[in-house]
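Here's the structure, in structure tokens; my notes come after.
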Amino acid sequence: MKVFEVRRDDLHETRLVQQDFPSLGDGEVLLRVDRYAFTANNITYAVFGEAMHYWDFFPAENGWGVVPVWGFADVSASRCEGIDVGERFYGYLPMASHLRVRPGQVGRSGFTDVMPHRLPLPGVYNRYARTTEDPGYRKSLEAQQMLYRPLFMTSFLLDDFLAEEEFFGARELVLTSASSKTAFSLAFLLHANQNPGIEVRGLTSSGNVDFVNGLGCYDTVTDYSKLDELPADHPTVLVDFAGSTTLRRRVHEHFGEALRYSCSVGASHWEEAGGSGDLPGPTPTLFFAPDRVEKRLADWGPGGIEKRVATAWQSFLETSRDWLEIREAVGEEAAEQVYKRTLAGDMSPRIGQIIVTG
């Protein structure tokens, strides 16, 4: 089996490792990774690999890491009752050709990987959905599911959190990295929910202004260089998908006392990421989606999140057809090229990149 690895302390350094196929113990299953999406969100997993334990899902040799991705895999061997060879599952996968799992909580909808090293990790990442029982699955829409479903879930939970907090009394929401898939998923939800009195403002690079304007879900779109032109006399919330300390400081200093809440979500500008330092206004707070999932599971009960997400998800899918260009790359060398282009920020927001393992 083949595994794509990156240096934890230098994300530019990569290697392809050839490993023996693992022998399966009783109750274990070997998944063949078929295809997965690769977006800036996966770079965020690498950037926060140590702090958020993303490297722990698919362990590698000391100093190296396997970047997690979302995609589809087929059962190539099974010693687990209730999991048959040939079945197809959606879930959290390594950039690799195969993955050995130990299914627990096996049911019609799927299973949870209960490998010992994964038990302390957030359960939302350990669940694998059986495509034949997934009400949101469509074979023709696999690419959209891989590209957007995990990001859309984060945006849904973030939208839910902000609404519950009544937007911290703000009248304006400023979203950095407005062209990123998670950011415009949130903007879509905010627009669809028609929150009265809330203006959604996107900040993006000059080259992406036209694209973001064309999405139709931001009230205004502003080039980063023109940040100082934004009005700063209304209560404002920052939702930071960029992760750039320089940009975050500019936003905090510009809005000053008008800034009611500062939320950190991603790190599309990963090379500029770092500590918050001494910023004016509220201390930036990390939004961690799995924590919100646990809260809503307790509030809404089994299936509550899925039912609420499903309606919004179908509406979002219809919208995305208008501007999404899906591209497939096949094989390990292509995966490395996509990884490095995404790492360098050299990927159009209009592109939805899928890797086929070959």
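Numbering starts at 1 and runs along the sequence shown. Just the heavy atoms: all of them, side chains too, but no hydrogens, waters or symmetry mates, feed the values below. Just so we're clear, the structure is a prediction, and the values are computed from it rather than from any experiment.
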Between [X] and [Y] (salt bridge meaning N to carboxylate O under 4.0 Å), is one present in this structure?
{"X": "Arg108", "Y": "Glu133", "answer": "yes"}
{"X": "Arg350", "Y": "Glu325", "answer": "no"}
{"X": "Glu164", "Y": "Arg292", "answer": "yes"}
{"X": "Asp113", "Y": "Arg102", "answer": "no"}
{"X": "Glu253", "Y": "Arg250", "answer": "no"}
{"X": "Asp223", "Y": "Lys226", "answer": "no"}

Do [X] and [Y] come within less than 4.5 Å of each other through their side chains, counting heavy atoms only?
{"X": "Glu142", "Y": "Arg35", "value": "yes"}
{"X": "Val174", "Y": "Phe255", "value": "yes"}
{"X": "Val75", "Y": "Leu30", "value": "no"}
{"X": "Tyr125", "Y": "Trp70", "value": "yes"}
{"X": "Gln353", "Y": "Thr39", "value": "no"}

Quick check: closest heavy atoms across [X] and [Y], and the distance to 0.1 Å?
{"X": "Val212", "Y": "Val221", "answer": "CG1-CG2, 3.6 Å"}
{"X": "Val237", "Y": "Ala170", "answer": "CG2-CB, 3.6 Å"}
{"X": "Pro349", "Y": "Lys181", "answer": "O-NZ, 3.9 Å"}
{"X": "Pro94", "Y": "Val69", "answer": "O-CG2, 3.9 Å"}
{"X": "Val29", "Y": "Ser78", "answer": "CG2-OG, 3.6 Å"}
{"X": "Pro235", "Y": "Gly169", "answer": "CB-O, 3.5 Å"}

task = Applying salt bridge (Lys or Arg N to Asp or Glu O under 4.0 Å), run through Asp219 and Arg201 and close with a yes or a no.
result = CA-CA 6 Å; Asp219 293 298; Arg201 304 189 183 280; over 6 Å; no
ask   = Can we call the ring centroids of Phe4 and Tyr339 under 6.0 Å apart?
value =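 For Phe4 and Tyr339, the ring centres are under 6.0 Å apart.
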task = Please check if the distance between the ring centroids of Tyr92 and Tyr54 is under 6.0 Å.
result =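 No, the ring centres sit 6.0 Å or more apart.
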message = Quick test of your reading: applying side chain to side chain donor-acceptor pair (under 3.5 Å), list the pairs with at least one residue in residues 58-67, sequence neighbours left out, ordered by first then second residue.
response =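 The answer is Arg15-Glu61.
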inquiry  = Holding to salt bridge (charged side-chain N to carboxylate O under 4.0 Å, His left out), I want the full list of residues that pass it with Arg308, two or more places apart in sequence or in another chain.
reply    =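 Partners of Arg308 under the salt bridge (charged side-chain N to carboxylate O under 4.0 Å, His left out) test: none.
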inquiry  = Please enumerate all residues that pass salt bridge (charged side-chain N to carboxylate O under 4.0 Å, His left out) together with Glu257, with sequence neighbours excluded.
reply    =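 Glu257 satisfies salt bridge (charged side-chain N to carboxylate O under 4.0 Å, His left out) with no residue once adjacent residues are dropped.
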ask   = Going through the checks in order, is the salt bridge (Lys or Arg N to Asp or Glu O under 4.0 Å) test met by Asp299 and Lys295?
value = CA-CA 6 Å; Asp299 294 341; Lys295 180 185 187 307; 2.7 Å; yes
Test log, rule salt bridge (Lys or Arg N to Asp or Glu O under 4.0 Å), inputs Asp134 and Arg149 = CA-CA 13 Å; Asp134 181 355; Arg149 192 150 153 184; 3.0 Å; yes
Identify whether [X] and [Y] are in the same connected component of the hydrophobic contact network (ILVMFWY, side-chain heavy atoms under 4.5 Å).
{"X": "Ile326", "Y": "Leu151", "value": "no"}
{"X": "Tyr45", "Y": "Leu286", "value": "yes"}
{"X": "Met1", "Y": "Val17", "value": "no"}

Looking only at the side chains, is there a donor atom on one of [X] and [Y] sitting less than 3.5 Å from an acceptor on the other?
{"X": "His234", "Y": "Arg171", "value": "yes"}
{"X": "Ser264", "Y": "Asp240", "value": "no"}
{"X": "Arg118", "Y": "Thr112", "value": "no"}
{"X": "His252", "Y": "Ser262", "value": "yes"}

task = Under the side chain to side chain contact (heavy atoms under 4.5 Å, CB included) rule, collect the residues that match up with Thr131, sequence neighbours excluded.
result =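 Checked Thr131 against side chain to side chain contact (heavy atoms under 4.5 Å, CB included); matches are Phe72, Arg88, Tyr137.
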Count the heavy atoms belonging to other residues, nucleotides or ligands that lie under 6.0 Å from [atom1] of [X], then report whether that count exceeds 12.
{"X": "Arg79", "atom1": "CZ", "result": "yes"}
{"X": "His191", "atom1": "NE2", "result": "no"}
{"X": "Glu333", "atom1": "CD", "result": "no"}

inquiry  = Once you measure the plane-to-plane angle for Phe89 and Phe111, does it fall in the parallel (<30°), tilted (30-60°) or perpendicular (>60°) bin?
reply    =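 Judged by the thresholds at 30° and 60°, the geometry between Phe89 and Phe111 is perpendicular.
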query = When the ring planes of Phe316 and Phe184 are compared, do they come out parallel, tilted or perpendicular, using 30° and 60° as the limits?
reply =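 Phe316 and Phe184: parallel rings.
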ask   = What's in the same ILVMFWY side-chain cluster as Met115, cut-off under 4.5 Å, chained through other members?
value =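 ILVMFWY cluster around Met115 holds nothing else.
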task = Please write out which residues are connected to Leu119 in a hydrophobic cluster, directly or through intermediates, given that two of Ile, Leu, Val, Met, Phe, Trp, Tyr count as joined at side-chain heavy-atom separations below 4.5 angstrom.
result =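 Val114, all in the cluster of Leu119.
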